[in-house]
Asks: 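I have a structure I would like to understand better, so I am pasting it below and will then ask my questions one at a time.
None of the values given here were measured: they were computed from a predicted structure. Order of the sequence lines sets the chain letters (A, B, ...), proteins ahead of strands, with each chain counted from 1.
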Amino acid sequence: MTVRVRFAPSPTGYLHIGGARTALYNYLYAKAVGGTFVLRIEDTDMERSKSEYETLQIEDLKWLGIFHDEGPDKPNAKYAPYRQSERQEIYTKYAHQLIEQGKAYYDFCTEIELEAMKEKAEREGRDPHYEGKWKDPAHHAEAMTRIAGGEKAAIRFKAPKKSYTLHDKVKGDVVYPEGMVGDFVIVRSNGLPVYNYCCVVDDMLMDITHVIRGEDHLNNTVRQLMIYEALGARLPEFAHVSLLIGHDRQKLSKRHGATSVNLYRQENYLPEALCNYLTLLGWSHPDEKDIFDKPELFGIFTLERFSAHSAMYDLEKLKWVNSQHIKKTPNPDLIKMVDELPGNEFFKKQTPEWKNSAVEVIKQYADFINDFPVMVEKKILLDHLEMTDGLKEIISWESTPKIIDYLQGELSKVTSEFVTAVELGAWTDAVKKDLAIKGKFLFQGIRAALTGQDHGPELKLLIPLTPVNVIKKRLAQLKG
RNA sequence: GCUCCCAUCGUCUAGCCCGGUCUAGGACAUCGCCUUUUCACGGCGGUAACAGGGGUUCGAAUCCCCUUGGGAGUACCA
């Protein structure tokens with residue numbers, strides 16, 4: 001039997017980092033075993049669901065390189081539709097079937113009555129389970145006539161009095177004791193079905209074989225187990241992955257800052273880096289590798305390597321992973337990305353050769369794509385020098401003014417826009433021989449003179465990228 | 001409250017299932033050093049963890065129990 005997995009987001013906001021991670025795990029697993037990855041939209045909460053969010057979330061998934069095989073935008077006749085809001089009749093049909101079988105019943109209780117029952121139960125030290133009159137099959141006939149008369153009622157599932165065991169791929173055997181949950185609503189009185197119910201109906205009908213989802217659903221699973229049983233459906237494999245938490249160890253949410261994928265996209269993080277990092281948060285590579293692309297995982301991703309405890313989301317490591325991916329990215333791709341950045345006019349009008357050299361240098365130091373224009377600005381175009389302590393010290397050496405004078409002389413003869421590494425080499429040699437300066441006085445002096453800074457990328461790479469008139473300005477400032 | 005889940009360096013983790021090879025390995029961060037082409041690159045090295053207590057065993061990070069701590073669920077949300 002072929003493996004079918006699904007990612008089932010609610011379109012109530014942007015794609016969340018945590019959601020992206022579970023989507024990724026599902027995707028990787030499908031790829032690893034040659035299965036099918038289904039995207040299902042759980043929009044039964046009409047008030048919070050918006051179709052724009054569905055579109056946005058799909059775009060974010062695409063940006064991350066997580067592609068689904070089936071979904072609302074890629075229907076398969078056998079399983080469509082993929083939006084729960086469009087599967088109304090299906091849920092209704094099975095709910096009626098459960099009522100006929102005596103596994104569910106209509107409940108006419110009002111919110112107030114329910115609330116009162118709950119309070120009473122709590123006062124008496126009982127579990128706040130539903131114990132209303134409609135639970136009693138004796139009222140079945142009355143319920144049916146009231147329904148026939150057009151009255152509205154919720155449909156409540158009769159929770160069997162027994163314990164359930166889930167064989168979870170991550171958590172191992174989880175035992176839900178008898179009486180853990182009471183009878184629960186599967187269809188609201190307004191006719192809309194509830195998550196725990198449609199989730200099962202859909203997974204059953206869509207032939208889902210593996211449910212990989214967040215641990216926040218672990219307790220819900222007992223309800224789902226009951227419904228699978230009532231429906232006589234085959235149980236899929238379950239893997240409840242641990243949750244992502246923030247620095248306060250609370251479940252990751254908006255208040256922890258940048259938690260929507262969209263933000264990372266806007267900040268030009270590399271999608272492959274984000275995926276890499278997210279994969280690491282709860283799954284480990286068998287060879288302990290920590291930098292990889294998705295395709296490398298297709299052959300080795302297994303459900304066995306999930307960790308059982310929650311993982312703290314940490315921007316520092318993501319930054320490092322991103323920098324590693326930048327180093328791996330071919331120059332033409334980097335050039336394209338940098339060219340598309342807003343502003344950055346100087347870079348954009350340079351020759352392909354210049355761009356290639358620039359990108360080659362900067363990629364060694366950049367953590368983010370957004371660092372590229374910053375580096376161009378601060379390392380290549382900088383002409384307003386800042387007198388740092390390091391710089392002051394180099395200038396105070398008696399050899400440095402001589403270097404500055406010499407270089408100013410040489411530069412005044414240059415007519416091209418840029419100097420070459422060869423010219424720079426010749427100057428360095430000349431300073432060394434003619435001025436008899438060597439060691440750090442030589443190299444740091446030249447660096448300070450030409451760049452106006454006491455540190456930075458390799459000079460022979462950096463200087464040929466810097467316009468001669470900019471270098472001249474720096475020298476003039478150093479003299480003055 | 002009740003139920004469920006979890007517990008290795010500050011962080012992500014390997015090891016745990018099938019006890020000895022673990023004076024616990026890697027990565028991020030941090031600290032130090034190295035490189036007469038400086039550096040935010042790189043290289044080398046340091047600091048840093050089996051939550052606590054009981055068992056079981058010749059032997060426990062690994063198995064069992066308790067405590068503590070953290071998390072989740074307890075909706076006509078998903």
Asks: Counting just side-chain N and O atoms, does A:T44 come under 4.0 Å of either OP1 or OP2 of B:rA78?
Replies: yes

Asks: Tell me: NZ of A:K289 to P of B:rU13, nearest whole Å?
Replies: 19 Å

Asks: Is the Lys NZ or Arg CZ of A:R156 less than 6.0 Å from the centre of A:Y106's six-membered ring, within 45° of the axis?
Replies: no

Asks: Is the phosphate of B:rG1, meaning OP1 or OP2, less than 4.0 Å from a side-chain N or O of A:R123?
Replies: no

Asks: Report the nucleotide, chosen from B:rC77, B:rC5, B:rA27, that has the shortest atom-to-atom distance to any side-chain atom of A:D290.
Replies: B:rA27

Asks: Please compare A:L442 and A:P193 by the position of their nearest nucleotide in RNA chain B and report the one closer to 5'.
Replies: A:L442

Asks: Do the charged groups of A:E124 and A:R126 touch, with an N to O distance under 4.0 Å?
Replies: yes

Asks: Is the phosphate of B:rU13, meaning OP1 or OP2, less than 4.0 Å from a side-chain N or O of A:H309?
Replies: yes

Asks: Does B:rC77 have OP1 or OP2 under 4.0 Å away from a side-chain N or O of A:R188?
Replies: yes

Asks: Between B:rC5 and B:rC44, how far apart are the two C1' atoms, rounded to whole Å?
Replies: 43 Å

Asks: So that I can tick it off, tell me whether A:K118 and A:E115 are bridged by a salt bridge, with the cut-off set at under 4.0 angstrom between side-chain N and carboxylate O.
Replies: no

Asks: Looking at A:K118, I'd like to know whether one of its side-chain N or O atoms comes within less than 4.0 Å of OP1 or OP2 on B:rA75.
Replies: yes

Asks: Are A:R6 and A:D202 close enough for a salt bridge, meaning some N to O gap below 4.0 Å?
Replies: no

Asks: On RNA chain B, does the nearest nucleotide to A:K171 precede the nearest nucleotide to A:D454 from the 5' side, or the other way round? Give the residue.
Replies: A:K171

Asks: Taking N and O atoms by type only, does the side chain of A:S310 place a donor or acceptor under 3.5 Å from a partner on the base of B:rC6?
Replies: no

Asks: Where the side chain of A:H455 is defined as all heavy atoms beyond and including C-beta, which of B:rA78, B:rC39, B:rC5 is the nearest nucleotide?
Replies: B:rC39

Asks: Nearest to the A:L281 side chain among B:rC5, B:rC12, B:rC28, which nucleotide is it?
Replies: B:rC12

Asks: Is there a donor on the side chain of A:N219 or the base of B:rA72 sitting less than 3.5 Å from an acceptor on the other?
Replies: yes

Asks: Looking at A:E42 and A:R40, is there a salt bridge between them, counting it only when a charged N and a carboxylate O are closer than 4.0 Å?
Replies: yes

Asks: Within the 4.0 Å heavy-atom criterion, would you say A:Q444 contacts the bases, only the backbone, or no part of the nucleic acid?
Replies: sugar-phosphate

Asks: Decide yes or no, distance alone: a donor-acceptor N/O pair under 3.5 angstrom between the base of B:rA72 and the side-chain of A:K251.
Replies: no

Asks: Select one nucleotide: of B:rU11, B:rA27, B:rU3, the one nearest the side-chain heavy atoms of A:P177.
Replies: B:rU3

Asks: When you measure only distances, ignoring hydrogens and angles, does the side chain of A:N220 come within 3.5 Å of the base of B:rA78 through a donor and an acceptor?
Replies: yes

Asks: Hey, is A:E142 close enough to A:K133 for a salt bridge, meaning N to O under 4.0 Å?
Replies: yes

Asks: Is A:S284 close enough to B:rA14 that one of its side-chain N or O atoms is under 4.0 Å from OP1 or OP2 there?
Replies: yes

Asks: Check this one for me: any side-chain N or O of A:R249 less than 4.0 Å away from OP1 or OP2 of B:rU11?
Replies: yes

Asks: For the base of B:rG1, is there a side-chain donor-acceptor partner from A:E122 under 3.5 Å away?
Replies: no

Asks: Could one point to a donor on the side chain of A:Y365 or the base of B:rC39 with an acceptor on the other under 3.5 Å away?
Replies: yes

